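Heads up: the structure comes next, in structure tokens.
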Amino acid sequence: LHAPPARPEITVTIARRLVGLSLVPLLVIAVLSAVAWVVVGRIETRNRRLQHTHVVALATAAHVARDISEQAVYLEAHLLADDAAARARARAGWDAVSDHDRRVHGELVAEVAAWRALAGPAMAAADAGDPARGRALWLADVAAARAALAASGARFIDMNEGFAAAEVAGIAGNVAGTNRVLLVLAIVGLVATAGFGVITVRSIVGPLRGLQATVVEVAAGDYALAIPHTDGRDEIAALARAIDVLKRGAAATDEQRWIK
């Protein structure tokens, strides 16, 4: 009998193929998670910018409108008051609102300062005992300043509303783009997993079926049939080499039987 050929070392195992097949969807999930993490970070950044700038600016504009309306009420009460006590109460209300607007009206400092500067002489005239002159100043300058401030506030609100709308649209665009990317990656991952699975199954099932057909032929006495897949480096090749050894032994036994 001839010595069996040297057995190649098994390096590519079926287990490794199956592990590779299981790693494909895990890799796809990891990529999807990374993409989602990056996009969520961008959305959070834009959302913080929206909250800390444009929302705050709109809130400031709302404070401006409220305080100017309150100041106008106190200014009118001060100019129309008939006694010093009523004027003092109106002045106290004006000062309280003015202290508040100095703290919160950072975006409209110039407009608010102009309004207060024009209202100051009218109130001073009334405090000096000349309410008629104060009312005249009010009608001549203060009302116009208030209208200018209202127009500036409206422009300020419109500008920040536009910025906020752009940020919201950008966030929506990021979300839509992320959905598209995740969908594409999911499809690619599904196709890759299916393709790799088909390749893996064929690399296992095809050789096993070939060996099965060969074993049937050998069992029927066809010892001249070559055993396939004997030169591989996986478990199927090892099985094929073992079948080849059995075939050689059966052929030798059959030859000796005929010799006798």
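Quick caveat, the model's predicted, so the values are computed rather than measured.
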>> Just verifying a value: how many Å separate Thr253 OG1 and Tyr223 OH, rounded to the nearest 0.5 Å?
In response: 8.0 Å

> With side chains defined as the heavy atoms from C-beta onward, is the minimum distance between Leu208 and Ile236 less than 4.5 Å?
Replying inline: yes

>> Please list all pairs meeting salt bridge (Lys or Arg N to Asp or Glu O under 4.0 Å) that have one or both residues in residues 209-227, counting only residues at least two apart or in different chains.
In response: none

>> Going by the rule salt bridge (Lys or Arg N to Asp or Glu O under 4.0 Å), which residues pair with Arg91 if we only count those two or more places apart in sequence or in a different chain?
In response: Asp127

> So, Arg133 side chain and Ala125 main chain: donor-acceptor pair closer than 3.5 Å or not?
Replying inline: no

> So, Lys247 and Asp244, do they make that salt bridge, N to O below 4.0 Å?
Replying inline: yes

>> Are Val191 and Leu183 linked, directly or through intermediate hydrophobic residues, by side-chain heavy-atom contacts shorter than 4.5 Å (ILVMFWY only)?
In response: yes

> Under 3.5 Å, side chain of Arg87 to main-chain N/O of His78, donor-acceptor pair present?
Replying inline: no

> What pair of heavy atoms forms the shortest contact from Leu75 to Trp94, and how long is it?
Replying inline: CB-CZ3, 4.1 Å

>> Is it the case that over 12 heavy atoms from other parts of the model lie below 6.0 angstrom from the CZ atom of Arg135?
In response: yes

>> Apply the hydrophobic cluster definition, ILVMFWY joined by side-chain contacts under 4.5 Å directly or through others, and give me every member besides Leu80.
In response: none

> Are any non-hydrogen side-chain atoms of Leu225 and Thr214 less than 4.5 angstrom apart?
Replying inline: yes

>> For a quick test of reading the model, state the closest non-hydrogen atom pair linking Pro207 to His229 and the distance between them.
In response: CA-NE2, 3.5 Å

> Is the number of heavy atoms from other residues, nucleotides or ligands within 6.0 Å of CG (Asp82) greater than 12?
Replying inline: no

> Any side-chain heavy-atom pair from Leu239 and Glu235 closer than 4.5 angstrom?
Replying inline: no

> Quick one: does Ile227's side chain get under 4.5 Å of Leu211's, heavy atoms only?
Replying inline: yes

> Closest heavy-atom contact between Pro228 and Ala240?
Replying inline: O-CB, 3.2 Å

